[in-house]
Amino acid sequence: MIAKVLLTIWMTAIIVAAFLYADAAVGFPGETSRILFFHVPQAWVATLSFLLSMIASCIYLARRRVTADNLALSAAELGLLFCLLATASGSIFAKAAWGSFWNWDPRQTSIVILLMIYGAYFALRSAVGDPEKRRVFAAVYSILAFVTVPFLVFVVPRITASLHPEDTMNPAKPGMDPKTLKVFLGSLLAYTGLFIWILRLRLRLLNLEGMQEPEFLVTEKMDLEGEE
Amino acid sequence: MYSLKVSYLCKHYSQTLLFKDISFELHPGEVLAITGWNGSGKSTLLRIIAGLVRPTTGKVEMFFKGESIPKESRRRFVGMVAPAFSLYEELTALENLEFFCKVRGIAYDRKSCLAMMERTGLSENAHKLCRNYSSGMKQRLKLAQALLHSPPLLLLDEPGCNLDSKGMKIVENIIAAQRQLGMTVIASNEKREVDYGDRVINLSE
Amino acid sequence: MYSLKVSYLCKHYSQTLLFKDISFELHPGEVLAITGWNGSGKSTLLRIIAGLVRPTTGKVEMFFKGESIPKESRRRFVGMVAPAFSLYEELTALENLEFFCKVRGIAYDRKSCLAMMERTGLSENAHKLCRNYSSGMKQRLKLAQALLHSPPLLLLDEPGCNLDSKGMKIVENIIAAQRQLGMTVIASNEKREVDYGDRVINLSE
Amino acid sequence: MKSGRWITETGSSTYLSEAVAIWLRDLRGEFRTRYAVNSILMFAVTTLIAVSFSIGSFRIGDDEQPFLYAVLLWIILVFSALSGLSRSFVKEEEAGTMDVLKLSARPQAVFLGKLFFNLTLLGALELIIVPSFILLMNYEIKLPGLFTAMVVSGGIGLGGGTTIVAAMIAQASARGALFSVLSFPLLLPLMITAIKGCEKSAVGTNNPGWPEVRIAVAYSIVMIVMSLFLFPLIWEESMQ
Amino acid sequence: MKSGRWITETGSSTYLSEAVAIWLRDLRGEFRTRYAVNSILMFAVTTLIAVSFSIGSFRIGDDEQPFLYAVLLWIILVFSALSGLSRSFVKEEEAGTMDVLKLSARPQAVFLGKLFFNLTLLGALELIIVPSFILLMNYEIKLPGLFTAMVVSGGIGLGGGTTIVAAMIAQASARGALFSVLSFPLLLPLMITAIKGCEKSAVGTNNPGWPEVRIAVAYSIVMIVMSLFLFPLIWEESMQ
Ligand code: HEM
Ligand SMILES: Nc1ncnc2c1ncn2[C@@H]1O[C@H](COP(=O)(O)OP(=O)(O)OP(=O)(O)O)[C@@H](O)[C@H]1O
Ligand SMILES: Nc1ncnc2c1ncn2[C@@H]1O[C@H](COP(=O)(O)OP(=O)(O)OP(=O)(O)O)[C@@H](O)[C@H]1O
Ligand SMILES: [Mg+2]
Ligand SMILES: [Mg+2]
């Protein structure tokens, strides 16, 4: 409860600070650079949750605990959500910065692929009736997908030069404006906190569902939909 | 009223002769049993009668009050069960029956379909997907499908296959009821089923 | 040498309980018969023993000289026939047997495959495509396939289905021979087949 | 009841009501397994993404755009259709339900039912693909009326041309092959017409009477009527 | 014979010999029914004709040609592959032979056998498509060595990336759809690499060590090794 209140206050403070405290970065039209405080943490949280999902999948395959699969599932859901948010905010940003919502910039391409992968992950889950089978298949697929991601990261940027800022405002590099850095790190923290909070809610929900609905009832539902 | 006339049927597959000069006539109330070793051509003969396979020579005619029934309308007169048939696995049993009612042009009536399932002992499983049916339940559903339009000619290829003793009893009842309604041809190797026949044709002789 | 231990097996499909607390042990030379109404779970029980279906609770263990056989090696110990199985329709019968020999890691030997077909009464049809086999011939080929590797545990689900009296005799011989080689579990509703069992488990009780 | 009537009459049911029964059953089966619709749609969507990705990075001259886009759109549509339309017959054959269907349904009703089903699939396909294609590729259409008429009539032609081929190949052994081999030449005239029509709608050439649409409609009618006559032969022929 | 050995030992047969048995059986079945190979090849050939017909009429700038052609070639290859590679597993499932196979074969052998079969199909596909594409489109390749290496390694990657997905979708509903949906994202990195490699071979950029080929080889190895580990889990899981 206290954590929730603190998180709310923190988020509000960051939003206010993003618009009032930090200065707009040079090299970006108008105030557009402020998107940094929302767009990048979104992308970061998405990456984090996909990673978490993959690790949970591995744990599931090794231990076969339903909780691990629940974690993998909810992390993938949240990852997809934040990924969509990052795409949306990026697209709005792209309209302001590059003049069109979508122009197959490598960044956009790779994020579409990421969205496709996790879309496929959910398609797979919905197409397998037996719960245990579904968990194993989903875990296997998420591992396979994760294995291909490094190839994506190495390969896509080679295709064409990207307009997407890579190092211009990279916070890891020295030279970022200290005010910006402060707000940026704060926002990162806020988004991570938000992520953990939603994740725990989702997990609790999944566990409750699992308790009130024994395994075999879940199968039955799928059966009526015509799956195995 | 109806009658079936099979004359000089003969069936070859490539060089091998399956059977030749099979002729018989069948009238309402009669039951004909066909028997013979595995691979002797029982199923093929039934499929020829149903019009699913063409005989090498000979012909199959059906008559209604002495008039020959054209091939297109035969579907109304024949009901058939065979091990090679299957129903739609992705539909429930009731949906299957509903489909066959509609496609045959019988006014679909849920009650009568349910009654048919009752008759074949499936009423508890009417809403189960056929994919999840056990072998015996599938066989019962095939029987139900063949009876939907009360066909004057019922062709039963191994009707008791996969069935338990209750199921066998159901087959017995079906054949008994069919004696009132029309003709029956049974192909089987089960002594019990062959014995239902008033006449027996043995393809292995 | 070999033995099979089934403990507290229980299987649910959705809300319905199929069977529960099935426990038995089987030793070489023994024949166990499983019977019950259509849909009572005979086939499911056999599939669980073979490792094709997971039980809801309970477990199936196989032992060789007291050591438990790991799941990966079980294929060498189990031979199974079931109505839902099919072999490769686009291959001839002999090619089917050849394939199963090779994939099981048994040195393929045309003569012994032909001998197996002889034993199941298929030798005249060894080079026919399975697609063109009659129902009884398919059943015989399934029997041949299950016996290829002389399995210590033979699972027969309705072995006499579609067979003629010669075929029934073949099944009888197979079961008698299996008494010398190992264990047999038969699931059936045919009185004749159930009677082969030293013990009978009735799933409908 | 007079005997002659009893025998030939079809009772209260018509070809249409039986065809509808078959159509609804296919839809229901499709809804449960989602085989055809998914394979068609996903095929279309992935091709669409791939094409838009590969073409998107080019600056295509404004004068070449209408033709190129029309070609791409129809390639996507035709191949997506080819990848899924044969399923409805092939599945009956593979699942072993063909025999029972033959015993219980009249051939014309079967043909119509399957045709309706394929047209439904094509409709769904076009509803999803065409708008996304237009959006993704920034496809400018000057005459939306002509364009829509072309897409609809072309879709009907596709369905009419492929359904009977699907019935033929369901009974041959080399299925996958034959379907494309047999369908594609049959469909080419339609495809060329449709491409021309879509190009005109993008350029803005408004020929009176929309000749391309008329050709497509004529093609569809000819195909469907011919099929209705020929189908019973194929259906009967399937016995050995 | 010691008891422990009896139980775990595989006798005289190895994973490889069993895999080869499965491969040969699939080839023989394929040879008799020609389902997969035909559906793949015909799909590829018709797309090829359509693409070359539609693109052939353009004057594509010489500088854009290498990239565009590479994209088209790989779209044709990948989609043709997606249209047929899932057959070998799906057919086992649909024909009801999966159960017997499960009882008699080891999972790794099954995976390898199916992989070999898919690679054979892909090899046949590439042997036919690539030369015809080059001829039809007048595709000028400056570095045939790099091009060949790219096509071969890309083909292996295609097979390696899709075989395990085929095994999964064979046990799911909505098969047709899922295969493309699941495979395409996995294949995209490979596809992009291969496009880049083919482009370079056409332009004549000879980076030392052919990085694209290496990436494709690495991709194939990683996918195949991962699949070998993961496949038994899927195979076991296929029980309900
Ligand atoms: C639809 C369009 C866009 C998408 C999908 C997108 C996606 C992403 C993603 C996934 C990241 C995380 C990268 C990482 O963690 O390494 C990111 C970072 C970032 N994006 Fe975007 N973006 C888009 C448009 C834009 C635009 C138009 C701008 C500004 C002109 C922008 C500015 C940034 C910046 C500054 C970063 C941080 C870079 C870094 O970490 O080095 N993005 N974006
Ligand atoms: N399409 C075909 N091509 C070649 N031979 C065929 C074909 N169909 C059936 N046969 C052969 O015809 C013979 C008779 O088959 P049929 O199915 O009629 O036998 P059956 O008497 O019903 O046997 P069972 O008792 O086993 O059911 C078999 O030997 C079979 O191999
Ligand atoms: N995947 C499944 N989902 C739901 N129910 C199933 C499934 N598989 C089987 N069942 C149900 O389990 C019951 C037992 O089936 P099983 O095939 O074991 O019966 P059986 O005893 O072999 O019957 P038969 O004598 O007819 O062969 C049936 O009611 C069947 O509908
Ligand atoms: Mg028969
Ligand atoms: Mg059973």
Side-chain angles (χ1 to χ4, degrees), chain A residues 57-58 60-62 64 104 106 109-160 215-216 219 222-228, chain E residues 67 70-71 93 157 160-162 164-165 167-197 199-200 207 211-212 214-216 218-223 225-227 229-240:
Chain A
S57 297
C58 288
Y60 177 75
L61 285 183
R64 303 290 168 112
W104 290 112
T109 311
S110 54
I111 209 146
V112 162
I113 297 176
L114 212 57
L115 290 176
M116 279 168 89
I117 288 181
Y118 282 90
Y121 175 85
F122 291 108
L124 178 62
R125 287 194 85 107
S126 75
V128 181
D130 182 68
E132 175 118 17
K133 200 202 270 189
R134 170 171 49 217
R135 295 190 192 109
V136 172
F137 281 21
V140 166
Y141 187 73
S142 90
I143 291 173
L144 283 177
F146 206 84
V147 167
T148 59
V149 168
F151 289 94
L152 211 59
V153 173
F154 286 120
V155 167
V156 172
R158 287 161 167 262
I159 283 285
T160 36
E215 210 72 305
F216 46 86
T219 332
M222 304 309 295
D223 278 344
L224 287 181
E225 284 171 34
E227 277 123 10
E228 280 197 295
Chain E
F67 177 61
V71 169
E93 182 70 30
T162 51
I164 190 167
V165 178
M168 281 199 265
I169 62 121
Q171 288 158 36
S173 61
R175 290 172 184 140
L178 265 185
F179 188 58
S180 315
V181 174
L182 295 183
S183 304
F184 194 64
L186 292 186
L187 292 179
L188 263 175
L190 177 76
M191 204 173 152
I192 293 171
T193 316
I195 289 173
K196 192 74 197 159
E199 186 192 351
K200 280 189 181 172
N207 296 89
E212 284 78 18
R214 287 180 171 199
I215 293 179
Y219 176 95
S220 314
I221 294 177
V222 169
M223 278 318 233
V225 171
M226 289 296 292
S227 303
F229 279 104
L230 294 174
F231 186 80
L233 298 175
I234 291 172
W235 194 239
E236 291 294 304
E237 235 8 82
S238 51
M239 35 184 184
Q240 327 164 286

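In what follows, every chain begins at residue 1, and chains take the letters A, B, ... in the order their sequences are listed. Keep in mind that the numbers below use all heavy atoms, side chains included, and drop hydrogens, waters and symmetry copies.
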Exercise. Tell me, do E/Leu186 and A/Tyr141 make a side-chain contact under 4.5 Å, heavy atoms counted?
Worked result: yes

Exercise. Which pair of non-hydrogen atoms, one from E/Pro185 and one from A/Ile113, has the smallest distance, and what is that distance?
Worked result: O-CG2, 4.2 Å

Exercise. Among A/Val147, A/Ile143, A/Val136, which residue meets the side chain to side chain contact (heavy atoms under 4.5 Å, CB included) test with E/Leu230?
Worked result: A/Ile143

Exercise. If only atom types and distance count, is the side chain of E/Tyr219 paired as donor or acceptor with the main-chain N or O of A/Thr148 below 3.5 Å?
Worked result: no

Exercise. Any side-chain heavy atom of A/Val112 within less than 4.5 Å of one from E/Leu188?
Worked result: no

Problem set entry | Contacting region of E/Leu187 [heavy-atom separation from chain A under 4.5 Å] | neither

Problem set entry | Crowding at CZ, E/Phe229 (>12 non-hydrogen neighbours, <6.0 Å) | no

For this session: Mind checking side-chain contact (heavy atoms from CB on, under 4.5 Å) for A/Leu115 and listing every partner two or more places apart, or none if nothing turns up?
Result: A/Leu80, A/Cys83, A/Leu84, A/Thr87

Exercise. Between the side chain of A/Lys133 and the main-chain N/O of E/Gln171, is any donor-acceptor distance below 3.5 Å?
Worked result: yes

Seminar exercise, completed: For E/Met168 and A/Phe137 the tightest heavy-atom approach is O-CE2, 3.4 Å

Exercise. Chain E heavy atoms under 4.5 Å from A/Leu61: which part of the residue, side chain, backbone, both or neither?
Worked result: side chain

Problem set entry | CZ/E/Arg214: more than 12 non-hydrogen atoms of other groups inside 6.0 Å | no

